[in-house]
Protein chains: 2
Amino acid sequence: MEESKYTQSVDKDLDEETLFIVSQTFKALSDPTRIRILYLLSQKEHSVNEIAEKLSLGQSAVSHQLRFLKNLRLVKYRRAGTTLYYSHDDKHVMNILKQTIDHARHH
Amino acid sequence: MEESKYTQSVDKDLDEETLFIVSQTFKALSDPTRIRILYLLSQKEHSVNEIAEKLSLGQSAVSHQLRFLKNLRLVKYRRAGTTLYYSHDDKHVMNILKQTIDHARHH
DNA sequence: AGAATATATGAGAATATGTTCATATATTAA
DNA sequence: TTAATATATGAACATATTCTCATATATTCT
């Protein structure tokens, strides 16, 4: 039997663009440092130095990771003088992170 | 003010083990090849060769990735002669994958 | 046992990733 | 304008990842 002309999109192969977006999204969540940063930002906004101190990381490392997250529009920032306050900027992704943390904890 | 003894677990720092499980889970979903394999298995079980053919991948590459996914208990298999039929084995993770694919498609 | 088929495994190569170090840029205050 | 503070950036290094190639293992059939 041939493929039905009513085949749903959910059964089609993944197109390049979708695949790229999905893999990039999960890549953002696959590194312990980025997870810790996002988790911190899930509670409230933090400056770069606050993040570095709270998580015992170098300022440069934090800045690099924030750039990564910013490029994917997972975080945003507001400026206050020389200080940049970062906060999360993607509710869907933060929700998925929270779901998975809860799931991991219950085992 | 000191930390309340009623502080919710959701506000605590992430412990090592949770962090490890979460990062490993997302790492599994961060590679295009593994995403394509899991997506295929979300539809129905497939043998190693079927996966390789459908996705135009080498048999060895597929086998390596399946081992990775098997170690995380994201897939399982049943044997039929010399053929191994793989299927998904973690509804939570498959649900997250589906959510994220849908989210990516709608943009 | 030997041949055929399906899958797994290990080593090696190419590429990607994450951190550190040094330094650049931007904002504010004196 | 100069100094002080906060953050960003680029290069270099160490490690991790993913694929390919060759070969090993497992099952079935004759």
Side-chain angles (χ1 to χ4, degrees), chain A residues 14 16 19-41 45-89, chain B residues 14 16 19-41 45-89:
Chain A
L14 293 170
E16 273 290 334
L19 198 57
F20 180 74
I21 295 173
V22 172
S23 64
Q24 285 297 111
T25 301
F26 286 128
K27 189 161 297 178
L29 300 171
S30 72
D31 175 70
T33 299
R34 287 191 294 269
I35 293 171
R36 295 175 75 209
I37 291 174
L38 286 173
Y39 185 72
L40 203 58
L41 297 185
E45 65 174 13
H46 287 80
S47 71
V48 178
N49 276 336
E50 285 170 353
I51 296 169
E53 284 170 27
K54 280 209 180 185
L55 303 184
S56 305
L57 298 168
Q59 175 268 322
S60 183
V62 172
S63 183
H64 279 299
Q65 297 296 10
L66 286 171
R67 178 167 57 175
F68 182 105
L69 296 170
K70 184 89 179 33
N71 286 339
L72 291 177
R73 299 173 198 275
L74 265 39
V75 302
K76 63 180 190 297
Y77 64 82
R78 72 177 174 86
R79 178 181 286 280
T82 61
T83 302
L84 301 185
Y85 289 97
Y86 279 83
S87 54
H88 61 86
D89 196 30
Chain B
L14 293 170
E16 275 289 334
L19 198 57
F20 181 74
I21 296 173
V22 171
S23 63
Q24 285 297 111
T25 301
F26 286 127
K27 189 161 297 176
L29 299 171
S30 72
D31 175 68
T33 299
R34 287 192 292 268
I35 293 171
R36 295 175 74 210
I37 291 174
L38 287 172
Y39 185 71
L40 204 58
L41 297 185
E45 65 173 14
H46 288 78
S47 72
V48 177
N49 277 336
E50 284 171 353
I51 296 170
E53 283 170 27
K54 280 209 181 185
L55 303 184
S56 305
L57 298 168
Q59 175 269 321
S60 182
V62 172
S63 183
H64 279 299
Q65 297 295 10
L66 286 171
R67 178 168 56 176
F68 183 104
L69 296 171
K70 184 90 180 34
N71 286 338
L72 291 177
R73 298 172 199 275
L74 265 40
V75 302
K76 63 180 190 294
Y77 64 81
R78 71 177 174 88
R79 179 180 285 279
T82 60
T83 302
L84 302 185
Y85 289 98
Y86 278 83
S87 55
H88 61 86
D89 196 31

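Naming: A, B, ... by sequence-line order, numbering from 1 per chain.
- Rounded to whole angstrom, the span from the CG atom of B/Asn71 across to the P atom of D/dT18 amounts to 13 Å.
- Applying the 6.0 Å contact sphere to CZ of A/Arg78 captures more than 12 heavy atoms from other residues, nucleotides or ligands.
- Remark: C1' of C/dT19 and CD of A/Gln65 are 9 Å apart, rounded to the nearest angstrom.
- Atom C1' of nucleotide D/dA24 and atom CZ of B/Arg67 are separated by 13 Å, given to the nearest angstrom.
- Between A/His46 atom NE2 and D/dA6 atom P there is a gap of 16 Å when expressed in whole angstrom units.
- Considering only side-chain N and O atoms, B/Thr82 lies nowhere under 4.0 angstrom from the phosphate OP1 or OP2 of C/dA6.
- D/dA22 is paired with C/dT9 under the Watson-Crick or G-U wobble criterion, all donor-acceptor distances under 3.5 Å.
- Side chains of B/Ile51 and B/Leu66 form a contact here, defined as non-hydrogen atoms less than 4.5 Å apart.
- A heavy atom lying under 4.0 Å from DNA chain C marks none of the residues of residues 21-35 of chain B.
- Residues A/Val62 and A/Leu55 have side chains not in contact (no heavy-atom distance under 4.5 Å, counting atoms from C-beta outward).
- Rounded to an integer number of Å, the gap from CG of A/Leu84 to C1' of C/dT28 is 14 Å.
- Of the residues in residues 48-61 of chain A, those placing a heavy atom less than 4.0 Å from an atom of DNA chain D are A/Val48, A/Asn49, A/Gln59, A/Ser60, in numerical order.
- Under the 3.5 Å distance criterion, the side-chain polar atoms of A/Arg34 are matched with a main-chain donor or acceptor of A/Ala28.
- Between B/Tyr86 and B/Tyr77, the angle of the ring planes lies from 30° to 60°, which puts this pair in the tilted group.
- In this structure a side-chain-to-backbone donor-acceptor pair under 3.5 Å is present from B/Ser30 to B/Lys27.
- Counting heavy atoms from C-beta on, the side chains of B/Thr33 and B/Leu57 come closer than 4.5 Å.
- Cation-pi check for B/Arg79 over B/Tyr85 is not met; the charged atom does not lie both under 6.0 angstrom from the ring centroid and within 45 degrees of its normal.
- B/Phe20 places its CZ atom 13 Å from the C1' atom of D/dA16, with the value rounded to the nearest Å.
- Listed for the B/Ser63 side chain is no donor-acceptor partner under 3.5 Å among the backbone atoms of B/Gln59.
- Closest approach to the A/Ser47 side chain among C/dA8, D/dT7, D/dG10 is made by D/dT7 (side chain taken as heavy atoms from C-beta onward).
- Within 4.0 Å (heavy atoms only), B/Thr83 reaches sugar-phosphate atoms of the nucleic acid but no base atom.
- At a threshold of 4.5 Å between non-hydrogen side-chain atoms, the residues A/Leu74 and A/Asp89 do not count as touching.
- At a threshold of 4.0 angstrom between heavy atoms, the contacts of B/Tyr77 with the nucleic acid are absent.
- For the pair B/Lys70 NZ and C/dA8 C1', the interatomic distance rounds to 13 Å; values are reported in whole Å.
- Phosphate proximity of C/dT7 to B/Tyr85: absent, as no side-chain N or O sits under 4.0 Å from OP1 or OP2.
- Note on A/Phe68: nothing from the nucleic acid sits closer than 4.0 angstrom, heavy atoms only.
- By the 5.5 Å and 30° criteria, B/His64 is not stacked with the base of D/dT18.
- Following rounding to the nearest Å, A/Arg79 (CZ) and C/dT28 (P) show an atom-to-atom distance of 7 Å.
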